[in-house]
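Inspection log for the structure reproduced underneath, given as structure tokens.
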Amino acid sequence: MFLTIITSKKRTFKLRLRQCDTDVCLYHAEQVRYLSVMDKAISRLNPKQKEAVMHTEGPLLILAGAGSGKTRVITTRVAYLLSLGVPAGAVLAVTFTNKASKEMRERAMSILQGNGYKTPLISTFHSLCLNILRREIDKLGYRQDFTIFDSSDQHSLLRNILSEIKFEDKSFKPEHIMERISMTKNEMARSRTGKTASPDDIAIISEMVYPKYHEAMKTLNAVDFDDLLLLTLQLFRDHPAVLDKYRFRFRYIMVDEYQDTNRVQYNLIHLLSGERKNLCVVGDDDQSIYGWRGADPGNILDFEKDFPGTVIVRLEQNYRSFGHILQAANGVIKNNKKRMEKSLWTERDQGPKVNIFRATDGDDEAQWVADRVELLKFEKKASYDDIAIIYRANLFSRPFEEALRKNRVPYTVVGGTSYFEHREIKDLAAYLKICANSSDDLSLMRIANVPKRGLGPTALGRLAAFSKENSISLLQAMRRAGEISELGDKIKNNAADLARLIDKNTSLFRTKREMNKAFRSLIEEINYRDYLHELHKNPKAALSRIEAYEDFILSMAHYESKESAPSLHGFLEALALTDLMNEKDEKKMFGVTLISLHSSKGLEFPVVFIVGVEEDILPHKKSVGDVEEERRLFYVGITRAMKELFITHTTHRIKYGKDVPSNPSRFIEEIPVEVLKKIDRFEKETPEQAENSAKAFFANIKDMLGE
DNA sequence: GTTAGTTCTGTTTTT
DNA sequence: CAGAACTAAC
């Protein structure tokens with residue numbers, strides 16, 4: 001059935017309707033007014049992009065090469081759907097990061113310029129699932145007030161389990177076992193690329209421990225990140241009525257970064273899209289760099305097979321990089337066997353060639369880069385903000401930080417140790433967690449003796465045993481500490497006091513208008529400040545810890561001010577699922593950016609340095625199994641650069657305290673020689689270069705003195 | 001129950 | 001080398 005809408009401006013729109021889309025009709029009349037806004041946005045697209053935007057019904061695969069205007073296409077498409085009269089509630093766009101979803105939301109809505117359009121649901125996989133589970137999880141036998149365990153929670157739980165079953169073999173680290181459990185949960189075993197099929201020792205152990213872990217999580221009334229997805233999938237599989245509800249609701253589904261989806265995510269999307277298959281996925285198999293985390297590039301490679309009738313749109317025009325950079329990228333990536341054929345092209349100039357520099361060692365490399373950064377600043381008038389230094393592993397940031405500091409160059413390190421890793425934040429968060437979820441024995445265990453309140457391991461062991469015998473929570477056991485005859489009177493009181501403290505604050509968080517005030521007084525009540533001073537003998541360190549938790553309180557205040565119905569659960573969810581702390585600091589990003597190859601995906605910089613491009617680092621020695629993914633990683637790095645790209649490597653490098661010779665990465669040879677330029681440190685400046693740099697130098701001084 | 005010394009180990013990490 | 005985690009003595 002076709003419905004034709006006649007607009008005031010002699011423009012006709014054909015809208016195909018399906019039987020279940022009756023509510024579309026109700027909307028069209030008021031939408032026609034806004035088509036001109038939409039037309040403007042669409043007119044800015046190239047033909048391929050236009051095709052992707054206007055194809056609204058049936059499965060659509062958008063293969064979006066790096067820098068091909070992917071975000072513009074997705075956001076325009078969302079806006080386009082709304083402009084057609086599709087109700088906002090029927091549109092679902094799923095992303096991986098909060099940053100991406102935020103950007104998508106803002107840009108899509110800005111295309112429509114308000115005009116009374118409601119915002120569709122644009123969310124990450126995890127928060128989408130959380131929202132569904134909050135409503136439906138009782139159907140799976142969980143309690144509604146569950147909390148989310150982050151990886152350090154998981155880790156310590158697993159540690160407990162291992163010691164409980166007296167698994168003492170230290171050669172198996174809890175992290176590795178946890179990683180394996182996570183892979184199992186993400187249905188890696190059933191993956192089509194699945195090479196994890198061969199059962200090794202870790203697989204055997206994790207298989208043994210997984211049921212115990214799962215059981216423990218359930219009694220703790222907690223779910224982990226994987227569970228959010230897995231339980232939602234289970235919900236959809238076991239409760240068709242629930243699935244139908246969401247299927248009916250989400251009639252237009254879009255998935256960003258589809259190459260990064262794992263099997264569970266694939267199944268979720270598959271189920272949700274249902275018969276209708278109004279599913280649009282966007283991705284680039286060449287940028288699939290999360291295979292080690294369960295991402296299955298097979299999902300994008302086989303999309304056509306999985307969804308018959310798929311229309312494929314290739315976005316290959318690159319708007320980001322100069323020609324030489326693109327040729328380097330193409331030259332490298334074409335060595336991969338398993339990929340969808342595509343080749344980026346640009347209308348832009350060739351630009352400078354790709355610079356290769358060989359340093360003697362890591363410090364030399366860092367110093368050279370830092371000096372080059374200054375040269376760029378003064379000679380080419382580049383801003384520090386325009387420059388990024390990208391490395392394979394976060395630990396490489398160190399020498400660059402030092403060299404930049406030495407040159408007085410401002411910089412920002414992205415990633416690395418996150419805010420949550422700090423002990424004081426984890427401690428205080430544990431207080432919040434036990435208040436939010438009285439079954440969370442793990443958090444209670446963590447803070448039972450922090451600060452010291454005379455509840456050592458032995459006392460806690462007794463309490464834990466008592467809770468087990470009576471199948472009650474640890475908190476409940478503390479409330480009833482008086483009944484435990486093995487405990488001394490003092491300990492009984494200590495435990496009961498703690499239980500009272502938790503109970504009191506639990507109700508305070510529930511009733512008090514401003515949670516952050518309650519939080520602050522809780523921190524004061526437990527004398528956490530003094531505890532920190534005891535812990536760190538030099539007052540400077542203690543003070544910085546105090547500042548850190550002050551920030552934490554501030555972020556709670558921030559959360560409360562922006563949320564319409566703030567709650568402790570809500571805050572903890574935001575804490576687990578979004579990077580609350582970095583959110584605030586986002587604007588503070590300035591200077592040269594130091595970032596890992598992985599986190600650089602999606603970003604762009606006029607000048608990029610990819611450093612440490614050596615064998616055993618860039619194809620990393622631990623990922624020999626998947627050189628193609630390493631190559632994609634390099635490809636991602638190259639395609640971040642807009643104007644100028646530098647690639648550096650060393651002749652020897654200190655690794656774990658030992659000096660080892662290093663060889664240039666095999667990937668460097670894959671860059672066509674005609675786009676390469678080897679830079680020699682001792683190369684003298686040509687007279688005109690010298691003149692230019694002198695000019696630039698003086699111009700810069702003038703700048704600094706004058707305006 | 002805490003502390004200082006010792007051994008061990010070493011990617012990437014959107015949530 | 002450096003941080004974590006474990007052990008052995010206060």
Side-chain angles (χ1 to χ4, degrees), chain A residues 94-103 123-130 148-152 154-156 159 163 168 170-171 173-176 178-179 182 186 223-230 256-257 259-262 264-265 287-295 362-363 390-396 398-399 414-418 420-421 423 449 452-460 534-535 537 573-580 582 595-603 612 616-626 629-630 632-634 636-637 653-659:
Chain A
V94 194
T95 64
F96 276 85
T97 67
N98 298 295
K99 207 174 142 206
S101 70
K102 194 176 155 206
E103 189 188 3
S123 121
T124 63
F125 270 104
H126 293 268
S127 52
L128 169 71
C129 289
L130 174 65
I148 300 168
F149 269 19
D150 64 25
S151 45
S152 76
Q154 296 182 72
H155 184 218
S156 55
R159 192 180 283 279
S163 73
E168 306 283 339
K170 276 172 283 164
S171 58
K173 299 185 51 199
E175 285 117 313
H176 292 153
M178 199 62 240
E179 207 170 273
S182 172
N186 290 322
V223 301
D224 61 28
F225 289 135
D226 299 325
D227 287 335
L228 288 173
L229 307 175
L230 198 53
D256 190 20
E257 305 282 14
Q259 76 283 353
D260 291 338
T261 51
N262 62 33
V264 174
Q265 287 157 339
Q287 293 187 68
S288 161
I289 53 174
Y290 285 105
W292 51 275
R293 253 180 136 247
D363 287 334
I390 311 183
Y391 32 75
R392 172 66 226 256
N394 285 126
L395 67 108
F396 290 114
R398 272 286 172 78
V414 179
T417 329
S418 102
F420 299 98
E421 319 267 313
R423 179 187 296 176
N449 210 25
K452 308 267 165 330
R453 50 171 75 85
L455 288 174
T458 24
L460 284 173
E534 269 168 53
L535 204 66
K537 53 185 167 100
E573 275 155 18
L575 204 60
L577 256 40
T578 71
D579 209 343
L580 266 190
N582 283 352
I595 193 169
S596 73
L597 282 162
H598 280 92
S599 352
S600 75
K601 194 175 76 171
L603 305 177
D616 292 350
I617 296 177
L618 197 28
H620 195 274
K621 71 164 167 292
K622 284 211 176 164
S623 56
V624 275
D626 202 350
E629 180 154 311
E630 296 289 304
R632 292 193 288 266
L633 203 47
F634 187 43
V636 166
R653 186 182 282 281
I654 295 163
K655 274 180 193 161
Y656 312 133
K658 265 199 187 125
D659 205 357

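None of these values were measured; they are calculated from a predicted model. Order of the sequence lines sets the chain letters (A, B, ...), proteins ahead of strands, with each chain counted from 1.
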Counting N and O atoms only, with roles assigned by atom type, does the side chain of [X] sit under 3.5 Å from a partner on the main chain of [Y], one being a donor and the other an acceptor?
X: A:E103; Y: A:A100; answer: no
X: A:S123; Y: A:L128; answer: yes
X: A:N186; Y: A:V264; answer: no

From the options [options], select the nucleotide whose nearest atom is closest to the side chain of [X].
X: A:H620; options: B:dT11, B:dT2, B:dT14; answer: B:dT11
X: A:K622; options: B:dG10, B:dT15, B:dT12; answer: B:dG10
X: A:H176; options: B:dG10, B:dT12, B:dT15; answer: B:dG10
X: A:R159; options: B:dT11, C:dC6, B:dT14; answer: C:dC6
X: A:R293; options: C:dG3, B:dT12, B:dT14; answer: B:dT14
X: A:K452; options: B:dG10, B:dT2, B:dT15; answer: B:dT2
X: A:N449; options: B:dT2, B:dT13, C:dA5; answer: B:dT2
X: A:Y656; options: B:dT14, B:dT13, B:dG10; answer: B:dG10

| field | Rounded interatomic separation in angstrom, taking NZ from A:K655 and P from B:dT9 | value | 19 Å
| For A:R423 and C:dA5, what is the distance between atoms CZ and P respectively, to the nearest whole Å? | 10 Å
| query | What do you reckon, are the aromatic ring centroids of A:H620 and A:W292 less than 6.0 Å apart? | reply | no
